[in-house]
Student: 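First the structure, then my questions, so here it is.
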Amino acid sequence: MIPQGRPARKRLLLLGAGHAHLEVLRRFSMNPPERTELVLVSPASETLYPGMLPGFVARQYSWEEVVLDAAAAAQRAGAVFVRDEGLRVSLPDRQLKLRDRPPLSFDLISLNIGSGTSLPPLGEGVREAPGFLATRPFLAFERRLPLWDSLPGELLVLGAGHAGFELACAFRARYPRREVTLLNGAEPLASPVTAALKQRNIRLLNPGKVLRIDRAGEGFLLRCEREEVRCTLLVAATGAAPSPLVRDSRLPENNGFLQVQSSLQALGEIPLFGAGDCIELADHPWVPKSGVYAVREAPVLAHNLRAFLAGRALRRYRPQRLSLRLLNLGDGSAIASRGSLLAQGGWAWRWKNHIDRKFMERHRPEASPMTEPACGGCGSKVSATTLKRMLGQQQRGRFQWGIPEQEDVALWKGSGRPLALTVDQFRNFGADPWLFGRIAAASAASDLHAKGVAPAGALMQLTVPRMAPALAEDWMEQLFSSVNAFLAEEGAELGGGQTNEGEEWNLGFTFWGETDNPWPKRGGRPGDFLVLTKPLGTGILLAASMAGAPVGRHLDHCLEWMARSNRAAARILQQSPPAACTDITGFSLLGHLSEMLSGLDAELELESIPLLPGSRHWFEKGFSSRMHGLNETSFPLRIPERARILYDPQTSGGLLFALDSGAARKAVASLRSAGEGAWIIGRLQSPTGSAEQVRIV
Ligand SMILES: Cc1cc2nc3c(=O)[nH]c(=O)nc-3n(C[C@H](O)[C@H](O)[C@H](O)COP(=O)(O)OP(=O)(O)OC[C@H]3O[C@@H](n4cnc5c(N)ncnc54)[C@H](O)[C@@H]3O)c2cc1C
């Protein structure tokens, strides 16, 4: 995040990427609140639009069509996106406790964290069983459904509310030959609804309230008031349960739902607002847990958050008594319901599809590649050609390895053991400071790991963007906590550093460690296999995300790889040290490989080179970092068009090493069994004298 205009004085923390907060962010992206830092906290980039979930189950929509990208919404609004789960809100000290990182302070907080599924008592192993699905958390659907396609047996949907009814129809459409049952433990259903079930051969049962669910063989046994029911696959669509966060935080609540006034501010005049399923309106407790209401609350929430920050009067939210409900029947038709009015037909489905798609489009504006991408991470570095020109005149001095060797580290021989030293620094690429700290440290330490050297000490340089001192301190606490944790894992000590204020986050480290036998960058022999330990594509995915493209889970996955240290891989390689090793960073796989060759040729198997999911898709849409083009110029190679992706600069990329074939295969097996990445991507070859030093096959 690059702060614009005057520095922020206050922090508005949006907890949960529900419908209302996505709309608040959309509005704030056009008109941000004055001098306020926005922070969105959500465990993942993707957030589901549940109105389209039955359509996904019925195979009417792909997963990509039914999810929105909260990280991209935050990026467009200039908000910091914190990938974490909020555990507790402490109002006295205005802090949000997070699962993975230190607490975040706030001046104002808003909750839009949805709800859980209210379940009857469950026996041991029910929740974990592959045949069990609760409507929430939503993201589990996508993971479990492919498995269900191959699990035979009858399916039961528990709960005959709107969601349960739609899901029963959706599963009928998905599994035309299976037995599908809808279990209604409550009031009788309207006759058009029962008729629709009958037409679709969906059995309707009413055995009374479900008292308990246990595992029974491969399936489940439901003990109900009047009888017992068995099934193999079970979907619980049993209504909304409150998030434990509200009660754990001792917030004003009723049955676990945050009690708010008509202004959506919590009871008690505290700096806390809420919207969606997690709230109960004190004046209108009848408002159902429904996305329609969450969406309608959003404009009032956006207005009131802004007004509260500015000390202005708040507006009232007036919920409508009746709302239109369009129930997807999974086969191209739908039931339209409003109060007691019900009508059915293809027109109702087309209407629903139109409304849902319009909603998605509003929150998914087209992102286009930037002509001058403002890159962060290693994509923001200077080209290899420029660097060589600047450093070319340096003579050998007292360093054993230095600039003339173009090595990844400098090797200093003092009076003791030789010391390997490296320095690395870059601007932030849109991560929150906690994650940025970890990735910048992992990237800097990686140069030592590529030489088989364990980092012993570090110095750090940090630029903090201009903001109120309390906010800056809070972020620095986050950043230092992840850096300190990283250094402890590495067994390295922080010796000192320097901080200053500037336009944006920028973090660098000098790392050092003792070594008698560092692995060289060059030294491979013809026939050696080339092995890579992390997939490529970070430059593309970061460029797309910085342009506001909905990179979604692919960005989360990419950041997980970037946050990984190369330490474990380097330790495993100590058993059979590589003949040559480097790490892949800004100069890309092709650039770093070119530097490794030293007169040899190399052959790369394009299909064996691992790419991060989504990276080819976004590359083909035109997203790449500024450094990509510079790499193509600095390391000109005649390669097929499809291989151009290999010029992508990596931030905190993997190791690339050369080993004879037998040792390489063993190393790959050891790395994989330790949970590390390892792919044989090609081999070194004797020089052919042709211009094509790197051949892609
Ligand atoms: C199958 C099904 C179909 C439905 N169809 C419709 C429909 O057609 N129309 C309709 O109006 N309603 C529908 N609903 C109801 C609708 O899903 C909910 O009412 C709606 O999603 C509530 O929106 P929300 O904004 O409160 O939160 P949600 O959309 O549930 O979003 C909550 C967000 O908060 C995040 N979160 C949760 N806990 C935390 C935490 N501790 N820290 C950080 N983040 C957190 C979650 O990951 C999620 O991203 C349907 C429900 C189901 C189950």
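One-based numbering, in listed order, for ligands and for the atoms of each.
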Student: Cation over ring, Arg350 on Trp347, under 6.0 Å and within 45°?
Tutor: no

Student: Quick one: does atom 46 (C) of ligand 1 have a protein heavy atom under 4.0 Å from it?
Tutor: no

Student: Please list, in number order, the atoms of ligand 1 under 4.0 Å from a heavy atom of Val292.
Tutor: 10 (C), 11 (O)

Student: Among Arg325, Arg83, Glu166, which one puts a heavy atom closest to atom 6 (C) of ligand 1?
Tutor: Arg325

Student: From the options Asp248, Asp277, Leu245, Val295, select the one whose nearest heavy atom is closest to atom 22 (C) of ligand 1.
Tutor: Asp277

Student: Any nitrogen or oxygen of Ser115, side chain or backbone, less than 3.5 Å from one on ligand 1?
Tutor: no

Student: Can you list the atoms of ligand 1 that are under 4.0 Å from a heavy atom of Leu15?
Tutor: 42 (N), 43 (C)

Student: With atom 49 (O) of ligand 1 as the reference point, say which of Thr47, Leu111, Val41 has the nearest heavy atom.
Tutor: Thr47

Student: Have Ser45 and Asp556 got a donor and an acceptor in their side chains that come within less than 3.5 Å?
Tutor: yes

Student: For ligand 1, which is the ligand I care about here, please tell me if Gly291 has any N or O atom under 3.5 Å from one of the ligand's N or O atoms.
Tutor: yes

Student: Short list, please: which atoms of ligand 1 are under 4.0 Å from a heavy atom of Asn112?
Tutor: 24 (P), 25 (O), 26 (O), 32 (C), 33 (C), 34 (O)

Student: Do the charged groups of Arg26 and Glu23 touch, with an N to O distance under 4.0 Å?
Tutor: yes

Student: Is there a polar contact, in the sense of an N or O pair closer than 3.5 Å, between Gly86 and ligand 1?
Tutor: yes

Student: Which residue from Ile113, Leu326, Leu167, Asp84 reaches closest to atom 34 (O) of ligand 1 through any of its heavy atoms?
Tutor: Ile113

Student: May I ask which of Gly51, Gly114, Gly116 has a heavy atom nearer to atom 27 (O) of ligand 1 than the others do?
Tutor: Gly114

Student: Is atom CZ of Arg59 surrounded by more than 12 heavy atoms (other residues, nucleotides or ligands) closer than 6.0 Å?
Tutor: yes

Student: Give the atom numbers and elements of ligand 1 that come within less than 4.0 Å of a heavy atom of Glu85.
Tutor: 40 (C), 41 (N), 42 (N)

Student: Can you name the one residue among Arg364, Arg357, Gln60 that meets side chain to side chain donor-acceptor pair (under 3.5 Å) with Glu65?
Tutor: Arg357

Student: Where is the nearest protein heavy atom to atom 3 (C) of ligand 1: which residue, which atom, and how far?
Tutor: Pro50 O, 3.4 Å

Student: Looking at ligand 1, does Arg136 have a heavy atom less than 4.0 Å from it?
Tutor: yes

Student: Classify the contact between Ala294 and ligand 1 as side chain, backbone, both or neither, using a heavy-atom distance cut-off of under 4.0 Å.
Tutor: side chain

Student: Tell me which protein heavy atom sits closest to atom 31 (O) of ligand 1, plus the residue, atom name and distance to 0.1 Å.
Tutor: Gly18 CA, 3.3 Å

Student: Need the ligand 1 atom indices (1-based, order shown) with element for anything under 4.0 Å from a heavy-atom of Lys289.
Tutor: 19 (O)

Student: Under 6.0 Å from the CZ atom of Arg127, do we count more than 12 heavy atoms belonging to anything else shown?
Tutor: no

Student: Is it true that Arg230 and Glu154 make a salt bridge, defined as a side-chain N closer than 4.0 Å to a carboxylate O?
Tutor: no

Student: Would Ser243 count as a contact of ligand 1 if the rule is a heavy atom under 4.0 Å away?
Tutor: no

Student: Has Lys352 got any heavy atom lying under 4.0 angstrom from an atom of ligand 1?
Tutor: yes

Student: Is the charged tip of Arg321 near the ring of Trp286: under 6.0 Å from the six-membered ring centre and within 45° of its axis?
Tutor: yes

Student: Can you tell me which portion of His19 lies within the under-4.0 Å heavy-atom range of ligand 1? Options are side chain, backbone, both, or neither.
Tutor: both

Student: Output yes when Asp248 and Lys97 qualify as a salt bridge under the 4.0 Å nitrogen-oxygen rule, no when they do not.
Tutor: no

Student: Do any nitrogen or oxygen atoms of Pro43 come within less than 3.5 Å of a nitrogen or oxygen of ligand 1?
Tutor: no

Student: Nearest non-hydrogen contact with atom 1 (C) of ligand 1 belongs to which option: Ala163, Ser323, Ser42?
Tutor: Ala163

Student: How are the rings of Phe359 and His19 set relative to one another: parallel (under 30°), tilted (30 to 60°) or perpendicular (over 60°)?
Tutor: tilted

Student: Please name the pair of heavy atoms, one in Trp63 and one in Leu53, separated by the smallest distance, quoted to 0.1 Å.
Tutor: CZ3-CD1, 4.4 Å

Student: Can you check whether Trp434 reaches Pro102 side chain to side chain, under 4.5 Å on heavy atoms?
Tutor: yes

Student: Polar contacts were defined as any N/O atom of the residue lying under 3.5 Å from an N/O atom of the ligand; does this apply to Thr135 and ligand 1?
Tutor: no

Student: Can you tell if the side chain of Tyr293 reaches within under 4.5 Å of the side chain of Leu281, non-hydrogen atoms only?
Tutor: no

Student: For the residue pair Asp149 and Tyr175, confirm or rule out a side-chain donor-acceptor distance under 3.5 Å.
Tutor: yes

Student: When Leu183 is tested against each of Val229, Leu204, Asn206 for side-chain contact (heavy atoms from CB on, under 4.5 Å), which residue passes?
Tutor: Val229

Student: Closer than 4.0 Å to some heavy atom of Gly276 - which atoms of ligand 1 meet that?
Tutor: 26 (O)

